[in-house]
Amino acid sequence: MSENRSSVAPTVMRLPQYTKADQEEILGNSDDPFGVASTGLTWLPKEEHFGIRHEDRLVAHAGLLRLPVAISGAATEVVGVGGVAVAPSMQGHGLARLVLTAALEHSRTMGPQHALLFCRPPLVSLYKRLGWHPLDNDVLVEQPEGRLVTMPLRTMVTPLHGDARWPSGPVRLPSLPM
């Protein structure tokens with residue numbers, strides 16, 4: 001972090017909850033803080049939350065949710081990662097890496113072999129640097145009223161265990177996306 005900031009290294013903590021006020025503390029008050037409103041998608045809330053505080057302010061977050069997924073028709077589970085946010089004034093200081101690393105460490109205890117996230121195209125290179133891999137296949141996700149839609153954002157995965165390999169074939173999330 002810059003020299004005029006506290007010399008105390010940022011640490012990730014497990015958050016008991018993550019509210020709209022917490023999100024606004026990180027990203028400000030915006031109608032579209034993640035830049036995905038144009039997709040028209042309905043999202044699931046995350047169940048596990050990790051955050052970083054700096055000078056008594058929440059400045060980073062990553063959320064997790066265990067979800068079913070079908071790959072080539074075979075049912076399995078993934079840990080869905082979402083709500084990844086770093087305060088604009090704190091970007092470029094490695095906080096995304098730090099909060100995601102802690103969240104993924106916890107994910108390894110949840111059972112699934114892979115974590116999955118959806119991101120806007122400009123963020124693909126960031127997630128690649130953090131060890132995520134884009135899927136070549138479209139991913140179908142459920143929406144209200146039983147609608148099935150092709151995810152318009154880029155789907156990326158990362159193994160949670162050294163020997164985990166993502167199977168090839170069509171992917172369907174039989175729930176709302178996270």
Side-chain angles (χ1 to χ4, degrees), residues 1 5 8-30 32-37 39 41-69 77-135 139 141 151 153-162 164 166 173 175-178:
M1 294 195 216
R5 298 205 185 263
V8 176
T11 58
V12 180
M13 67 188 79
R14 188 106 176 253
L15 303 174
Q17 62 181 359
Y18 183 69
T19 66
K20 179 76 169 157
D22 294 326
Q23 178 182 301
E24 289 176 355
E25 188 174 1
I26 298 170
L27 296 174
N29 188 1
S30 167
D32 190 12
F34 293 100
V36 297
T39 66
L41 295 173
T42 300
W43 302 85
L44 286 172
K46 278 42 97 189
E47 293 178 350
E48 310 276 344
H49 303 279
F50 295 83
I52 298 173
R53 289 199 175 279
H54 179 70
E55 297 177 356
D56 294 325
R57 177 179 165 224
L58 190 62
V59 295
H61 170 265
L64 305 174
L65 178 65
R66 192 170 166 164
L67 290 172
V69 66
E77 288 186 315
V78 295
V79 175
V81 176
V84 178
V86 174
S89 65
M90 300 295 287
Q91 292 175 0
H93 298 290
L95 298 184
R97 176 182 300 277
L98 193 60
V99 76
L100 277 169
T101 297
L104 291 176
E105 279 302 312
H106 179 74
S107 295
R108 289 178 177 87
T109 71
M110 296 172 68
Q113 297 295 302
H114 290 88
L116 179 141
L117 63 76
F118 302 110
C119 72
R120 293 179 296 115
L123 297 174
V124 169
S125 63
L126 166 69
Y127 285 107
K128 280 183 174 180
R129 286 192 309 273
L130 298 177
W132 293 78
H133 310 280
L135 290 185
V139 175
V141 298
M151 172 53 72
L153 302 173
R154 193 64 194 255
T155 304
M156 300 186 79
V157 297
T158 193
L160 295 175
H161 305 282
W166 186 264
L173 191 66
S175 72
L176 297 176
M178 66 297 149

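Below, all heavy atoms of this structure are taken into account, side chains as well, without hydrogens, waters or symmetry copies.
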Is the closest side-chain heavy-atom distance between [X] and [Y] below 4.5 Å?
| X | Y | value |
| --- | --- | --- |
| H114 | V69 | no |
| E25 | L58 | yes |
| V141 | L176 | no |
| R66 | E47 | no |
| P10 | H54 | no |
| L65 | L44 | yes |
| L67 | L173 | yes |
| T158 | Y127 | no |

Indicate the atoms forming the closest heavy-atom contact of [X] with [Y], along with that distance.
| X | Y | result |
| --- | --- | --- |
| I26 | P88 | O-CD, 3.5 Å |
| Q91 | V86 | NE2-O, 3.0 Å |
| P159 | R108 | O-NH2, 4.1 Å |
| A85 | L27 | CB-CD1, 3.8 Å |
| A87 | R57 | CB-NH2, 3.4 Å |
| P177 | F118 | CB-CE1, 3.7 Å |

With rounding to the nearest 0.5 angstrom, report the [atom1] to [atom2] distance, [X] to [Y].
| X | Y | atom1 | atom2 | answer |
| --- | --- | --- | --- | --- |
| L100 | R97 | CG | CZ | 9.5 Å |
| M156 | L126 | CE | CG | 8.5 Å |
| W43 | L41 | CH2 | CG | 5.0 Å |
| S107 | Q113 | OG | CD | 12.0 Å |
| I52 | H93 | CD1 | NE2 | 12.0 Å |
| L116 | M178 | CG | CE | 4.5 Å |

Using ring centroids (six-membered ring only for Trp), state whether H61 and F50 fall under 6.0 Å. no
For residues 13-20, which side-chain N or O atoms pair as donor and acceptor with protein atoms under 3.5 Å away, sequence neighbours left out?
{"unit_1": "R14", "atom_1": "NE", "unit_2": "E48", "atom_2": "OE1", "d": "3.2"}
{"unit_1": "R14", "atom_1": "NH2", "unit_2": "E48", "atom_2": "OE1", "d": "2.0"}
{"unit_1": "T19", "atom_1": "OG1", "unit_2": "A21", "atom_2": "N", "d": "3.3"}
{"unit_1": "T19", "atom_1": "OG1", "unit_2": "D22", "atom_2": "N", "d": "3.1"}
{"unit_1": "T19", "atom_1": "OG1", "unit_2": "D22", "atom_2": "OD2", "d": "3.2"}

Tell me if a side-chain donor or acceptor on N29 pairs with a main-chain N or O of E24 at a distance below 3.5 Å. no
Okay, side chain of R154, backbone of L123: is any donor-acceptor separation there less than 3.5 Å? no
